[in-house]
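Side-chain atoms are counted along with the backbone in the values below, which use heavy atoms only and exclude waters and symmetry mates.
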Amino acid sequence: MATYSHNSQNTSTTLLTTLLAGFICAATPVQAQDVGLNVWGMEFATIDSEKVDHMAFYPGLSLSLTFETESWVLSPSLGAEWAADGNFWGIMAMLYADYPLNDHFGADLILAGMHDQAGDDWKNAEFFVGAGGGLSWFINKRVAFTPNVVAYYGLRTNTWALAPGVNLWVSLESQ
């Protein structure tokens, strides 16, 4: 992982907080309607002015709660990621805001926060914030498949990264 500094941390934190507050304020109060298991993977590639470099491939697992509002479906999740090829691991929090296009597809806005560190190096752990989009395919009422792309910014390293990935959501509710 790259060396770390503390530039732009307040700006990035303020931006993420503002985006999350906007989603929360825009939503009508509802009750959780579904608990889901997310199995996902993403290719994490750092970007600088000259090149794009593979950093690691991250598979992960998370649990999510799904809330339906009048026109959006919100799905916050919390889980863990691990990249064997880079010896990185951490905690991943995401918010999918899905706008249903029809009975089978939805357009997604995605916000993400990712703690990431090499091995047991807690002192140099990185925190990435990200935003992106995806397209969800609702295979049936219990399964959705979402290819997506999220751009991340490393708060300690001032590193930009691009992460194309896929997410498979499976309902854990009995139907």
Same cluster for [X] and [Y] if Ile/Leu/Val/Met/Phe/Trp/Tyr side chains link at under 4.5 Å?
X	Y	result
W169	V73	no
V35	V39	yes
F67	L63	yes
L65	L78	no
M55	W89	no

Applying side-chain contact (heavy atoms from CB on, under 4.5 Å) to V52 and L162, what does each step give before you reach the verdict? CA-CA 9 Å; V52 176; L162 194 60; 5.9 Å; no

Counting only N and O atoms by type, is there a donor-acceptor contact under 3.5 Å from the side chain of [X] to the main-chain atoms of [Y]?
X	Y	answer
N148	G133	no
E70	W72	no
E126	T157	yes
W40	P59	no

Taking atom [atom1] of [X] and atom [atom2] of [Y], what is their separation to the nearest 0.5 Å?
X	Y	atom1	atom2	value
F128	L155	CZ	CG	9.0 Å
N167	S64	CG	OG	8.0 Å
L74	D98	CG	CG	9.0 Å
I91	F127	CD1	CZ	11.0 Å
L95	S75	CG	OG	8.0 Å
W82	D116	CH2	CG	13.0 Å

Looking only at the aromatic ring of each residue, does the gap between the centers of Y152 and F44 stay below 6.0 angstrom?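 Here the rings of Y152 and F44 have centres that are less than 6.0 Å from each other.
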
Step through it carefully: locate the ring centre of F138, locate the ring centre of F145, and say whether they are under 6.0 Å apart.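 When the ring centroids of F138 and F145 are compared, they turn out to be at least 6.0 Å apart.
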
Please find the pair of heavy atoms, one from [X] and one from [Y], that lie closest to each other, and give the distance.
X	Y	value
V143	L168	CG1-CD1, 3.8 Å
A56	A83	CB-CB, 3.5 Å
A131	L111	CB-CD2, 4.0 Å
D48	E50	OD1-N, 2.8 Å

Do Y96 and L109 make a side-chain contact, defined as non-hydrogen atoms from C-beta onward lying under 4.5 Å apart?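 They are not in contact (no side-chain heavy atoms under 4.5 Å apart), so the answer is no.
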
Can you check whether I110 reaches M94 side chain to side chain, under 4.5 Å on heavy atoms?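 Yes, side chains in contact.
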
Consider side chain to side chain contact (heavy atoms under 4.5 Å, CB included). Of E43, M114, M92, which one does Y58 pass it with?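 Of the listed residues E43, M114, M92, the side chain to side chain contact (heavy atoms under 4.5 Å, CB included) partner of Y58 is M114.
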
For [X] and [Y], test the side chains for any donor-to-acceptor distance below 3.5 angstrom and give the result as yes or no.
X	Y	answer
S171	D34	yes
S77	N38	no
D108	Y99	no

